[in-house]
Every structure is written in structure tokens, then in C-alpha cells.
Q: 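This is the structure I have questions about; it appears just below.
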Amino acid sequence: QVQLVESGGGLVQGGGSLRLSCAASGRTFSNYAMGWFRQTPGKDREFVGSISSTGGTYYANSVKGRFTISRDNAKNMVYLQMNSLKPEDTAVYYCAAATKPITIATRDFNSWGQGTQVTVSS
């Protein structure tokens with residue numbers, strides 16, 4: 001398994017931007033897909049997007065065009081740039097590491113960070 005630590009959450013006004021970071025350690029980072037998920041109280045964890053080992057990106061329809069995932073394999077880091085934020089983006093955001101080089105299936109992610117809170121005010 002891999003250890004993951006998210007940072008960068010906070011409070012932002014609607015229409016604003018935030019950048020989340022995720023530091024990974026514990027295995028060969030570059031071989032596996034990485035993902036971002038989010039969760040609000042009483043709801044299941046929701047797929048936000050993922051990035052393959054070669055940099056291909058995939059997004060949920062709800063964030064497509066507003067969010068961008070990137071990775072720096074030299075630094076073992078993955079990022080989530082969030083623009084044009086909406087109040088409905090308020091959630092705890094989790095970074096996750098997959099067991100495959102490319103996937104969008106939640107079941108393929110077996111390592112999770114502790115989460116970082118993002119709150120978007122109206």
C-alpha cells in the first residue's frame with residue numbers, strides 16, 4: 001500500500017479557486033493511477049477524477065471543464081486544481097491510489113488519504 005497526505009483545502013467564495021495537493025510514499029508512484037474523490041455527510045464517496053500512470057485524465061461530468069488533475073512523478077505528487085467553484089462542491093476531498101495504471105472504478109483504489117475539507121460559500 002501507499003501512504004497519502006492531502007493538503008490545500010479551505011474556505012473559498014463561489015467562483016473562486018483552490019488547489020489540492022497529495023503527497024504519496026511507500027511504493028513506485030509512477031506505475032499506478034491516482035484519483036480524487038469527495039464525500040458529504042450522509043452520502044457515498046463520489047468519484048471526482050483520475051489520472052493514469054501516463055497522464056491521461058478522466059473526470060466526473062459534474063466537474064468537467066472546471067477541475068484539472070495533474071501529477072509530478074519525480075516528486076510523488078498529484079494535484080487537483082479546482083476553478084469556478086460552486087457551493088455544491090463543498091465536501092471532504094480524498095486522494096486515492098489505484099492498483100492499476102489506468103482506472104476510474106472506485107473498487108480499484110485501495111489506498112486513501114485522510115481527506116481535506118473544501119467549503120464553498122455562496
Q: I would like to know whether Thr68 and Thr57 meet side-chain contact (heavy atoms from CB on, under 4.5 Å); could you show each step before the answer?
A: CA-CA 8 Å; Thr68 302; Thr57 52; over 6 Å; no

Q: Spell out, as yes or no, whether a donor-acceptor pair under 3.5 Å connects the side chain of Arg27 to the backbone of Tyr32.
A: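 No, Arg27 side chain to Tyr32 backbone: no donor-acceptor pair under 3.5 Å.
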
Q: Contact between Glu46 and Ser62 at the side-chain level, heavy atoms closer than 4.5 Å - yes or no?
A: yes

Q: Counting distance only, does the side-chain N/O of Thr28 pair as donor-acceptor with the main-chain N or O of Asn31 below 3.5 Å?
A: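 No; judged by distance alone, with no hydrogens or angles, the pair does not exist.
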
Q: Is it possible for you to check whether Arg71 lies under 6.0 Å from the centre of the six-membered ring of Phe29, through NZ or CZ, and within 45° of that ring's axis?
A: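 Yes, cation above the ring, under 6.0 Å and within 45°.
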
Q: Compare every heavy atom of Trp112 with every heavy atom of Phe109, then report the nearest pair and how far apart it is.
A: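 Of all heavy-atom pairs spanning Phe109 and Trp112, the closest is O-NE1, 3.4 Å.
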
Q: If you apply the rule side-chain contact (heavy atoms from CB on, under 4.5 Å), what do you find for Trp36 with Phe67, and how did you get there?
A: CA-CA 11 Å; Trp36 287 95; Phe67 290 12; over 6 Å; no

Q: Using a 4.5 Å cut-off on heavy atoms from C-beta on, say whether the side chain of Val12 contacts that of Thr119.
A: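 A side-chain contact is absent here, since even the closest heavy-atom pair is not under 4.5 Å.
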
Q: Measuring from Gln39:CD to Asp44:CG, what's the distance to the nearest 0.5 Å?
A: 7.0 Å

Q: Nearest 0.5 Å please: distance from the CD atom of Gln13 over to the OG atom of Ser121.
A: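 It comes to 5.0 Å.
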
Q: With a 4.5 Å cut-off on side-chain heavy-atom distances among I, L, V, M, F, W and Y, is there a chain of contacts connecting Leu18 to Val63?
A: yes

Q: Under 3.5 Å, is there a donor-acceptor pair between the side chain of Thr116 and the main chain of Tyr93?
A: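 Checking the backbone N and O of Tyr93 against the side chain of Thr116, no donor-acceptor pair under 3.5 Å is found.
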
Q: Please tell me if the side chains of Thr90 and Gln117 come closer than 4.5 Å, counting only heavy atoms from C-beta onward.
A: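 Sidechains of Gln117 and Thr90: in contact.
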
Q: Got Val120 and Glu88 here, is their nearest side-chain heavy-atom distance under 4.5 Å?
A: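 Val120 does not reach Glu88 side chain to side chain.
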
Q: Is it the case that more than 12 heavy atoms not belonging to Gln114 sit under 6.0 Å from its CD atom?
A: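 Result for CD/Gln114: enclosed.
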
Q: Is Met82 close to Asp89 at the side-chain level, that is, under 4.5 Å between some pair of heavy atoms?
A: no

Q: Can you give me the closest heavy-atom contact between Ala98 and Thr103, atom names plus distance?
A: CB-CG2, 3.6 Å

Q: Provide the closest heavy-atom pair for Ser70 versus Val78 in the form atom of the first, atom of the second, distance.
A: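 Result for this residue pair: O-CG2, 3.2 Å.
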
Q: Determine whether a donor-acceptor pair (N or O, by modelled atom type, separation under 3.5 Å) exists between the side chain of Glu6 and the backbone of Cys95.
A: yes

Q: Would a hydrophobic clustering, with Ile, Leu, Val, Met, Phe, Trp and Tyr connected at side-chain separations under 4.5 Å, put Leu85 with Phe47?
A: no

Q: Assess whether side chain to side chain donor-acceptor pair (under 3.5 Å) is satisfied between Asn73 and Ser30, documenting all intermediate values.
A: CA-CA 5 Å; Asn73 288 338; Ser30 60; 4.9 Å; no

Q: Looking at CG of Leu20 and CG of Leu80, how far apart are the two atoms once the value is rounded to the nearest 0.5 Å?
A: 5.0 Å

Q: Test your reading of the model: is there a side-chain donor-acceptor pair from Ser111 to the backbone of Gln3, 3.5 Å cut-off?
A: no

Q: Using the rule given for side-chain contact (heavy atoms from CB on, under 4.5 Å), can you reason through Met34 versus Leu4, listing the C-alpha separation, both sets of side-chain angles and the distance that settles it, and then say yes or no?
A: CA-CA 11 Å; Met34 297 293 295; Leu4 302 169; 3.7 Å; yes

Q: Cluster question for you: counting only ILVMFWY and a side-chain heavy-atom cut-off of under 4.5 Å, with indirect links fine, are Phe37 and Val118 together?
A: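 Result: no, two separate clusters.
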
Q: Would you say that Tyr58 contacts Ile102 through its side chain, given a criterion of any heavy-atom pair below 4.5 Å between the two side chains?
A: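 Yes, close enough: below the 4.5 Å cut-off.
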
Q: Would a single hydrophobic cluster contain both Tyr79 and Tyr59, if residues Ile, Leu, Val, Met, Phe, Trp and Tyr are joined by side-chain heavy-atom contacts under 4.5 Å?
A: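 Different hydrophobic clusters.
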
Q: Ignoring hydrogens and angles, state whether a donor on the side chain of Ser17 or Asn83 is under 3.5 Å from an acceptor on the partner side chain.
A: yes

Q: How close do Gly115 and Val92 get, heavy atom to heavy atom, and via which atoms?
A: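 Heavy atoms only, the tightest pair is CA-CG1, 3.8 Å.
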
Q: Would a 4.5 Å heavy-atom cut-off, applied to side chains only, mark Ser52 and Pro101 as touching?
A: no

Q: Would you sort out whether Arg45 and Tyr94 count as a side-chain contact (heavy atoms from CB on, under 4.5 Å), showing the intermediate values?
A: CA-CA 9 Å; Arg45 196 164 291 185; Tyr94 296 90; 3.7 Å; yes

